[in-house]
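Have a look at the structure below, then the notes.
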Amino acid sequence: MKPDSIDSLLEQAASLKKKLVEFGRKPSIFPHFQEMLWNMSDDINFSTSLSQAEQIVHFDTFLFEWKLPNGDTVRNRLWKTQTKALSPEEREMLAGWEDRIEGVFHVENSDNNGAICYNIVDGLSYRIFSNVGASKTKLFFKKDSFIYMKIVPVKDIWVLSGHANPFPDGRAKQAIAIAQEIAQNKPELAFRDPNRLQATWRESENLARAFEECFSSDIVVVKPAELADIMLRFFDYHTNTFRGTDGKTVAERAGMTDAPIQAPPIDLLDMTEVGIRSVGLFAHPKQGLCFLIEYATILEAFEKPQKASRGHHRRLVLEYIEEPSAPAAALERLANEDVSRLSKMIGNAIKRPDFDWARDHVALLSPHKPVGDSPAYPQMIIIDTSRFEKYF
């Protein structure tokens, strides 16, 4: 595509974005932006304390992500209701903007023909242009830099949406950590490529097999201070000792006899400071590695179901029922051990003495989380950072 045609596309995108912004500022819609900001903070002065750049970021989020009372986004309402105010080309472009991508991007190359950027979150590369014109792209996208941004499609290119945040030189580790956080919190962004999701499911099965070989169990329950060492021990075993169906270790497939192990690229909160006394590291063939907070307390209630009737034990059992981040598999594994005892534990916690796990567990859990062996995504998502090893 010639630079002049690219500039024409960028001008069309800028004009359409202006219409979207103006639509979002209509008196019938703009109050919902304030509502979004109120939901973000308990501070009534939050909106007035935002910088201009922060205002741009939040308003862009409002236009594309915030749900209005009828369930539409502002972008979708404009597309639905302003058919006469938009040309067919604008309607087509606006419909494409439903595919808006958030990520942390590594700039691999940049010139007037666009910046080729690798998104650490989803493992895909994109040809991106600055929203101020093709000639400005090389100035904005510095080669080998890391940028947090959101982008939208325009024909066969991508354009910056809202405000971008370049990471200062030397902050590559921080950029990678934020990419990991996005992938964990928004897995639909990490698995835009369906082949990547299928490969992750296969890897989950291998991780579970390696875990059981390493620890002779599908779960290890430890104190928070011991968790990092346990994870390093496991990843060392998985990389250098566990042999896959081809008879080779991960290190041997990479042409190494003994691969060095870095700490897993995930942020583990300081559990001791917030009073957490135990955590289970659970390997499930369909969900991968899962953190089970205070699982020792759940095991105590399982051994003595009456404990689940009150106090700390009851609160934890209810959390495992209602908290989406606690996978159903954490309770399902106890059902496989003793379904009658699990039924009593849950029945005591929910004050239903007649609760029967086999009969009632789907109705109990499904309002809060996926039930069964087919979750949409693994619970723990670890992005591939191998191309950035020099930064660790």
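Residue numbers count from 1 along this sequence. Bear in mind the structure is a predicted one, so any value in this text is a computation, not a measurement.
- Relative orientation of the F388 and H106 rings is perpendicular, given thresholds of 30° and 60° on the angle between their planes.
- Taking the side chain as every heavy atom from C-beta outward, N119 and R192 never approach each other to under 4.5 Å.
- Here OH of Y126 is found 10.5 Å from CE of M149. Values are rounded to the nearest 0.5 Å.
- Using a 4.5 Å heavy-atom cutoff, the side chains of V74 and F33 are not in contact.
- The only member of E300, K307, Q306 that meets side chain to side chain donor-acceptor pair (under 3.5 Å) when paired with H313 is E300.
- Note on K150 versus E65: salt bridge recorded, some NZ/NE/NH1/NH2 to OD/OE distance being below 4.0 Å.
- For the atom pair CD (E90) and OG1 (T83), the distance works out to 12.5 Å, reported to the nearest 0.5 Å.
- Residues passing the salt bridge (Lys or Arg N to Asp or Glu O under 4.0 Å) test with D144: none are found, sequence neighbours excluded.
- Ring-plane geometry between F242 and H238 is classed as parallel, the angle between the planes falling under 30 degrees on a 0 to 90 degree scale with a further cut at 60.
- Using a 4.0 Å cut-off between charged nitrogen and carboxylate oxygen, K286 and E205 count as a salt-bridge pair.
- With sequence neighbours excluded, the residues satisfying salt bridge (Lys or Arg N to Asp or Glu O under 4.0 Å) with R243 are E252.
- In this structure, the separation between CG on N185 and CD on E102 is 9.5 Å, given to the nearest 0.5 Å.
- Between E337 and R333, none of the side-chain N atoms (NZ, or NE/NH1/NH2) sits under 4.0 Å from a carboxylate O, so this pair counts as no salt bridge.
- Between the CD1 atom of I128 and the CD1 atom of I147 there is a distance of 8.0 Å, given to the nearest 0.5 Å.
- Residues F141 and F167 fall into different hydrophobic clusters, defined by Ile, Leu, Val, Met, Phe, Trp and Tyr side chains chained together at heavy-atom separations under 4.5 Å.
- Residues forming a salt bridge (Lys or Arg N to Asp or Glu O under 4.0 Å) with K142 (at least two apart in sequence, or on another chain): D169.
- Side-chain atoms of Q12 and K155, non-hydrogen and from C-beta on, never get closer than 4.5 Å to each other.
- Cation-pi contact between R25 and F59: present, with separation from the ring centre below 6.0 Å and deviation from the ring axis of at most 45°.
- F105 has its side chain out of reach of I120: every pair of non-hydrogen atoms, C-beta onward, lies at least 4.5 Å apart.
- Of the candidates V362, D338, L342, L342 is the only one forming a side-chain contact (heavy atoms from CB on, under 4.5 Å) with W357.
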